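Note that ligands are numbered from 1 as they come in the structure, with each ligand's atoms numbered from 1 the same way. Here the structure is a predicted model, which is why all the values come from computation and not from measurement.
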Amino acid sequence: MTDFPVDQLPDGESLPETAYQVVHDEAMLDGNARLNLATFVGTWMDDQATRLYVETADKNMVDKDEYPQTAAIETRCWKMIGRLWNAPDPERAIGTSTIGSSEACMLGGLALKRRWQKARRAEGKSTDKPNLVLSSAVQVCWEKFCNYWDVEPRFVPITEEHKVLDGHDLDRYVDENTIGVVAIMGVTYTGMYEPVARISEALDRIQEAKGLDVKIHVDGASGGMIAPFLQPDLEWDFRVDRVVSISTSAHKYGLVFPGLGWVVWRSVDDLPSDLVFDVTYLGGHMPTFALNFSRPGAQVLLQYYLFLRLGRDGYYRVQKATQDIAVYLASEIAKMPAFDLWNDGTDIPVFAWRLTEGYTDKWNLYHLSERLRLKGWLVPAYPMPDDLTDVVVQRIVVRSGLSRSLAESLIQDIREAVDYLDDLESPMPTEGLTSTFTH
Ligand SMILES: *Cc1c(COP(=O)(O)O)cnc(C)c1O
């Protein structure tokens, strides 16, 4: 057996079979994706998709010249998505694929910032202090956006009364330097939707009172591919006039292998043209707006494959089945006296719970998380963000592939773990416990 150095480039060559076996075996040590109820990211596609993936692994998305068909398919995909999100004039909407929601959110945020800068300059006003208003429960990509692009984040804390950003008190955060408000469709911590229409109404009132016209970017990392199928009557998308851009992770409920995301603007007018670069191909021009240059094109083809394969009906069927499992799991957990449900999985198929107040001093949700890990389940426990940092919750993300019978075994394992912990003679030690949050 060849012994490879761990962190040094080996001096010599090895046989492809040998190197393959080493990498293959190491990758096997990663957790079992099926039992990972922490991640939002897809881990399964069917055989045809896997075949397409292998066939197209060499395509570079940025080579519009060499791969004009992949470029055309990318455009078809974001046009389909723009329609799915009810763009009022789909022919005037504009979008792009990205490496994931993080890049898509960066682009949405940059467009908001540039739009605000232009309006301010036109009025001869300062552009020194842009701020972005968002929930304290935003995904880390928004903290990155604010940090990398020098925008002050104005976090609206969540509370027991206001579990999500809901427009309450918004006038205390929004001012003339606000580049926009972020609304999350599927808060990472809990899976709850933020009421985009209500946030928009609060901004209408602010506009009436102060004359400020503040737009919304919807971070639909998960919900962007759930709400159109499972909550078609909920108005969260371009039906809300203030929503100028929406992003999603195709590798979450878009059901594509990682990494792919999408961002679509309501209209070309909402994407300042000086952010867009021209790439020439086939004698024509291709506008691009992206942080990356080269990136894989295969995922875009996989998204197109799935759109053709599933259609609206298929996406509905898959998402509904996933949600049914989430609702089932939530209802079973609600029945256990140890737990107090935070939400029930009827927004995106994600829900969280906390320990019932006064239930026990012997153990907490971190201990339960550890017990479940012994059975292979990854069910993270973590503190909530401001102003609820003293609340610890545990969360399950249901993805396609978690069958009813697996869900039943999970419930059984949770019951057994609780019984075990309840029966302990003395309290579990609380040192060295870490939260296991996966965004
Ligand atoms: C997952 C997630 C992101 C980041 O998405 P990536 O595709 O992993 O970059 C952003 N916002 C929310 C609400 C998310 O759930």
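- Taking the charged nitrogens against the carboxylate oxygens, K215 and D213 do have a contact shorter than 4.0 Å, which makes a salt bridge.
- Under 4.0 Å from ligand 1, the heavy atoms of C141 that appear belong solely to its side chain.
- When each atom of ligand 1 is checked for a heavy atom of I184 under 4.0 Å away, the hits are 13 (C).
- Nearest to atom 8 (O) of ligand 1 by heavy atom, out of M185, E194, H251, is H251.
- Below 4.0 Å from some heavy atom of S249 lie the following atoms of ligand 1, by number and element: 5 (O), 6 (P), 7 (O).
- Looking only at atom types and distance, the side chain of D340 has no donor-acceptor partner in the side chain of W353 under 3.5 Å away.
- Ring planes of W363 and Y359: perpendicular class, angle over 60° (limits at 30 and 60°).
- Residue W142 places no N or O, backbone or side chain, under 3.5 Å from any N or O of ligand 1.
- Ring geometry, W265 versus F289: the interplanar angle falls from 30° to 60°, so the pair is classed tilted.
- If you look at E103 next to ligand 1, there are no close heavy atoms at all, none under 4.0 Å.
- Of all the heavy atoms of A221, the ones lying under 4.0 Å from any atom of ligand 1 belong exclusively to the side chain.
- Assignment of G186 to the shell around ligand 1 is supported, since a heavy atom sits closer than 4.0 Å.
- K210 has no carboxylate O lying under 4.0 Å from a charged side-chain N of D175, or vice versa, which leaves the two without a salt bridge.
- Checked against a 3.5 angstrom limit, the closest N/O atoms of Q139 and ligand 1 fall outside it.
- Under the 4.0 angstrom criterion for non-hydrogen atoms, K252 is in contact with ligand 1.
- Aromatic pair F155/W142: ring centres not closer than 6.0 Å.
- A donor-acceptor pair shorter than 3.5 Å can be found between the side chains of E74 and S97.
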